[in-house]
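Proteins come first, then strands; the chains are lettered A, B, ... in the order of their sequence lines, and each starts at number 1. From a predicted model like this one, the values you see are computed outputs, not experimental measurements.
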Amino acid sequence: MTSHLDEGILHQLLDGEIPSSELSPIQAHLAECGECRARLEEAAAFLSESDRLIEELDRPEATAPQRPASAVAVAPAHWKRNLAWAATVVIAVGAGYYARGGPIAAPPSQTASVKEAFQEAAAPPTDSPIAATLQDPAPRQSVLADQAAPPPDAAPAGKAADREKKGLATELRGAEQLAGRAEPDSAARPPAQPVAPLTPAAEVPPPTAPLTTLPGERARMDLRSSVARRTVGRLNEAVVPAGAATPAAMTAELSAAPETIQFPEAIRRLNGTLRLIDGLVPDRFEAIGQEVRVVYALANGELHLSQRLVNGRNNFRLTAPAGFPADSLLRLQARIRE
Amino acid sequence: MTGPIAELFAEYHGSLVRMLMRRTGDRDRAEEIAQEVFARAVAAPPRNPRPWLFAVALNLVREEGRRSVRQGRRLVLYQAEQPEAFESPDEAMERGDRVAVVRAALNTLTERDREALLLKAEGFSYEDIAATLGLARGAIGTTLARARRRLVEAYRAGEGQHDVAS
């Protein structure tokens, strides 16, 4: 009678690596020994779960820590120097709410005007933060080149770099436009929604952007000015979602009150993709309809990192209170990690 | 690239890159190392190709890791590329990143155990794992048993930790 089967044998058995000549005594023992059968089951569970975990590694990593440039993911193209850089600073990230066909699939012309207005509102100041970050990838690649011997066939190694370059080309074009150079597409665009120019006294937030993307944001804006409320109302009518929520449902979602939730719930709602700002402790988590909001308490108000899943991807938006410096907001945004 | 090397490449390149990707978390680095490995195979065609290719690749990964530690400049870059290599599973979970939790859990294994696991995931037989890593074939079952258990437990610890904390 063989003694109990050790773990190595159990795994070897499960891996089909027991020579056939040695199988029968092992099978005979298992037939008689409940304890070893239980341990075999446990071994099988470890085996299949570890296989599953290893396959998880093939998923693209959400944080993209290797690509600092993409942490400043701007909505593709057509930034304009924006004079309506208003009290509430809203940055459209997550690779473009509308570019991906967002939660609201508006007909193209309306998408263009909403998108443009959205981007106008969201366009940050022109200088270094974006441009500098976008030019970043080169140093890393040259270090890699140092390490490897010149490969006989360089193409495969360059693929990843090319992919990154293509993505960055769009962003660089955006940055150039931001700097006031080419704006090739502006002529082709339908006229944008009028955006109120910034005056020191006015607290008009970007009127178009937050409404259609941010349930709950409307409530926030309502506190500011009646002008905003009117503009928000106008946009509500302008956007006709094709096959998406009815206007009534949209309004309902927009006026839903935020519900405080706990961290694991926040993660669960976003299917594991919750984004947080590195180095800051959240004050609380809120759920508003489909959206999860991470709230950070600041001296003069709150920072909101609102996010939702769109086609399985986490799209997010960072909003700050009136008067919050734009470059600080950009720096915080660069620290957002999933 | 002609003849036998082309065949080697066709047969093993994808698997090699995937293993390296899982091992390093860095696609670019994985492809660079794979290129280096095949370049060396051209120079000195191996007799037992698959174990040889993967052994050279894993050696390169290990060497790079050590070089990074010695060279301060590269350490900064290395950290920027793979911050999750330096955080624990529950720290990764704090960030809500499942892939990072798995990677952090994998990093709690010894190098040998980790490598054995990744080779098994590429369909290596026990014999080939033993040949690649320079271990006795009889030790592979135990190695994999320990590696699998450890990976799962470290992952669960990283996952579960946060529920307890909140």
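In this structure, B/Arg50 forms no cation-pi arrangement with B/Tyr12, as its terminal cationic atom is not both closer than 6.0 Å to the ring centre and no more than 45° off the ring axis.
Taking chain B as the reference chain and counting heavy-atom pairs below 4.5 Å, the highest number among A/Ile9, A/Asp15, A/Leu13 is found for A/Asp15. Note: A/Leu53 leads A/Leu53, A/Asp6, A/Leu10 in heavy-atom pairs under 4.5 Å with chain B. The candidate from B/Lys120, B/Arg40, B/Met21 with the greatest count of non-hydrogen atom pairs under 4.5 Å with chain A is B/Lys120.
For the pairing with A/Arg293, the salt bridge (charged side-chain N to carboxylate O under 4.0 Å, His left out) check across A/Glu286, A/Glu302, A/Glu259 returns one residue only, A/Glu286. With respect to A/Leu270, the side chain to side chain contact (heavy atoms under 4.5 Å, CB included) criterion is satisfied by exactly one of A/Glu265, A/Arg275, A/Gln290, A/Gln307: A/Gln307.
Heavy atoms closer than 4.5 Å to chain A are found nowhere in B/Arg150, neither backbone nor side chain. Contact annotation for B/Leu117: both backbone and side-chain heavy atoms come within less than 4.5 Å of a heavy atom of chain A. Contact of B/Ser125 with chain A is made through backbone and side chain together, with heavy-atom distances under 4.5 Å. Proximity to chain B involves both the backbone and the side chain of A/Glu55, based on heavy atoms less than 4.5 angstrom apart. Within the 4.5 angstrom heavy-atom criterion, atoms from both the backbone and the side chain of B/Tyr126 approach chain A.
Between A/Arg52 and A/Glu49 a salt bridge is recorded (basic side-chain N to carboxylate O distance below 4.0 Å). A salt bridge does not link A/Arg39 to A/Glu42: none of the charged side-chain nitrogens sits closer than 4.0 Å to a carboxylate oxygen.
Note: A/Glu7 CD to A/Leu40 CG = 11.0 Å, rounded to the nearest 0.5 Å.
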